[in-house]
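The structure under discussion appears below in the form of C-alpha cells.
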There are 2 protein chains.
Amino acid sequence: MKQYDHPLTQDLQLSCLLYALSDPFRLEVVRKLALCQPQPCAPLQDGRPKSSVSHHFSVLRKAGVIRTDVVGVTHMNSLREQELESRFPGVLAAILAAARAGDVPA
Amino acid sequence: MKQYDHPLTQDLQLSCLLYALSDPFRLEVVRKLALCQPQPCAPLQDGRPKSSVSHHFSVLRKAGVIRTDVVGVTHMNSLREQELESRFPGVLAAILAAARAGDVPA
DNA sequence: CCGTTAGTTCGACTATAGTCGAACTAACGG
DNA sequence: CCGTTAGTTCGACTATAGTCGAACTAACGG
C-alpha cells in the first residue's frame, strides 16, 4: 500500500500555497473538502477527465494544502488545516471564508 | 494627467487576488508597500528592468491589490487595504502577516 | 486469477505568464 | 523648448502550467 510524500509543514512556501489556491478549480476542490473530510477524488471531479483532476490534486499536495492517504483502492484527501494554521496563521481560514461567501447560490 | 483604471471592489475575484500574490516578487512588493504607502515604483524595482516591474505592477493593479495615482512624473502606489478587507475580510491581513513572518532577516 | 475501481503517469499539445530591450509618452525643471 | 525622470507599451522569446487521451498500476471482490 504505497503512500504519498507530503512536504513538511516547515518547508511550505506562502507563494506556493497562494498559487495552488489561485486556480478556480483547485479552490473549489478545497472549499468542498473543507465541508466534508476526508473525501476521495472521484466526487470532486466535476466532469473533468481523471488525468486533469489528478494533476490538480498533485499541485495541492505539493503545496501542502492537502494530505492524501491511500485506503484500499480509494485515495482519501483531507486539508492540512492545523498544519497550515500553525505555519500561516489565519490564511487558509480567511480564504475559505471568502470562497464560501463568493459562492454562487444555485 | 492621465490616471489608471482600477477594478471596482465588488468585481474583484478571489482567485485573481491569490494569483497576483502568488508571485514572490509581487508578494515582496506588496509587503514593502504595506510598510510605507504611498510609494513610487522605482524603490521597489529590486534590480529588475523597468519593463518587468511595470508588468508586475499592472498585474497587481488589475487584481485590485494596489491603486496607482499619477502625481506629476511619479506613479504613487498604495494598497487597497480597506477595499480588500471589505471584499475578502482578513485575507490580505493574514497573508501580509505570514509574509512578514517568513522574512529572511538579513 | 480476472475483472473492476480509482487514480497515476506519460506524452503531446496549447495557452498563458514572465523576461527584457527598444521605442515611446507625459509631466516637470530650468 | 529641451533634457530628464519615471514609467508604459510593444514585440519577440522562453518557460511553465493546464488539458486530455492512452497506457499503466495497485488493491479489492468474487
Side-chain angles (χ1 to χ4, degrees), chain A residues 1-7 13 15-30 32-33 36-79, chain B residues 1-7 13 15-30 32-33 36-79:
Chain A
M1 186 147 78
K2 186 187 116 192
Q3 293 290 341
Y4 287 91
D5 282 338
H6 295 93
Q13 298 281 323
S15 50
C16 294
L17 169 65
L18 298 177
Y19 180 76
L21 298 176
S22 74
D23 180 275
F25 177 74
R26 289 195 293 260
L27 186 56
E28 187 60 14
V29 164
V30 168
K32 286 179 183 160
L33 263 184
C36 173
Q37 304 181 58
Q39 205 175 154
C41 304
L44 302 164
Q45 287 201 153
D46 196 27
R48 307 205 178 199
K50 294 200 286 184
S51 47
S52 294
V53 173
S54 184
H55 163 72
H56 287 299
F57 274 89
S58 158
V59 172
L60 288 170
R61 210 179 293 124
K62 284 175 186 155
V65 182
I66 63 173
R67 172 192 329 287
T68 305
D69 294 299
V70 181
V71 178
V73 83
T74 73
H75 294 202
M76 294 306 265
N77 302 285
S78 40
L79 296 179
Chain B
M1 187 146 79
K2 187 187 114 192
Q3 293 290 342
Y4 287 92
D5 282 338
H6 295 92
Q13 297 282 322
S15 51
C16 293
L17 170 65
L18 298 177
Y19 180 75
L21 298 176
S22 73
D23 178 276
F25 177 74
R26 289 194 293 260
L27 186 56
E28 186 61 14
V29 164
V30 168
K32 287 179 183 160
L33 263 184
C36 174
Q37 302 180 60
Q39 205 174 154
C41 304
L44 301 165
Q45 289 202 154
D46 197 27
R48 308 206 177 198
K50 293 199 286 182
S51 47
S52 294
V53 173
S54 184
H55 164 72
H56 288 299
F57 274 89
S58 158
V59 171
L60 289 171
R61 209 179 292 125
K62 285 174 185 155
V65 183
I66 62 173
R67 172 193 328 287
T68 306
D69 294 299
V70 180
V71 178
V73 83
T74 73
H75 295 202
M76 294 307 266
N77 300 286
S78 40
L79 296 179

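Labels below follow one simple rule: chain letters A, B, ... track the order of the sequence lines, proteins then strands, and each chain is numbered from 1.
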Closer than 4.0 Å, any side-chain N/O of [X] to the OP1 or OP2 of [N]?
{"X": "B:Tyr19", "N": "C:dA17", "result": "no"}
{"X": "A:His75", "N": "C:dA6", "result": "no"}
{"X": "A:Ser51", "N": "D:dG21", "result": "no"}

[X] side chain: which of [options] is closest?
{"X": "A:Arg61", "options": "D:dG18, C:dG18, C:dT8", "value": "C:dT8"}
{"X": "B:Ser52", "options": "C:dC20, C:dG18, C:dA6", "value": "C:dC20"}
{"X": "B:His56", "options": "C:dG21, C:dG18, D:dT8", "value": "C:dG18"}
{"X": "B:Lys50", "options": "D:dG18, D:dA6, C:dT9", "value": "D:dA6"}
{"X": "B:Pro40", "options": "D:dG7, C:dG18, D:dA6", "value": "D:dG7"}
{"X": "B:Thr74", "options": "D:dC20, D:dG7, D:dA17", "value": "D:dG7"}
{"X": "A:His55", "options": "D:dG18, C:dT19, C:dT9", "value": "D:dG18"}
{"X": "B:Arg48", "options": "D:dT8, D:dT19, C:dT19", "value": "C:dT19"}

Aromatic ring proximity, centroids under 6.0 angstrom, B:Phe57 and B:His75: no
Residue pair B:Leu44 / B:Gln39: nearest heavy atoms and the distance that separates them: CD2-OE1, 3.7 Å
For the student: nearest non-hydrogen atoms of B:Ala63 and B:Cys16, plus distance: CB-O, 3.7 Å
Gap between atoms [atom1] and [atom2], on [X] and [N] respectively (whole Å):
{"X": "A:Leu60", "N": "C:dG7", "atom1": "CG", "atom2": "P", "value": "14 Å"}
{"X": "A:Asp69", "N": "D:dA26", "atom1": "CG", "atom2": "C1'", "value": "16 Å"}
{"X": "A:Asp46", "N": "D:dG18", "atom1": "CG", "atom2": "C1'", "value": "16 Å"}
{"X": "B:Leu27", "N": "C:dG18", "atom1": "CG", "atom2": "C1'", "value": "17 Å"}
{"X": "A:Gln3", "N": "C:dT8", "atom1": "CD", "atom2": "P", "value": "12 Å"}
{"X": "B:Asn77", "N": "D:dT8", "atom1": "CG", "atom2": "C1'", "value": "13 Å"}
{"X": "B:Met76", "N": "D:dA6", "atom1": "CE", "atom2": "P", "value": "12 Å"}

Return the nucleotide paired to [N]: Watson-Crick means purine N1 to pyrimidine N3 with N6-O4 or O6-N4, wobble means G-U with N1-O2 and O6-N3, both under 3.5 Å.
{"N": "C:dA12", "result": "D:dT19"}
{"N": "C:dG30", "result": "D:dC1"}
{"N": "C:dC24", "result": "D:dG7"}

Distance (rounded to the nearest 0.5 Å) between B:Thr68 OG1 and B:Asn77 CG: 4.0 Å
Approximate separation, where rounding is to 0.5 Å, of B:Tyr4 OH and B:Ile66 CD1: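 One finds 9.5 Å between OH of B:Tyr4 and CD1 of B:Ile66.
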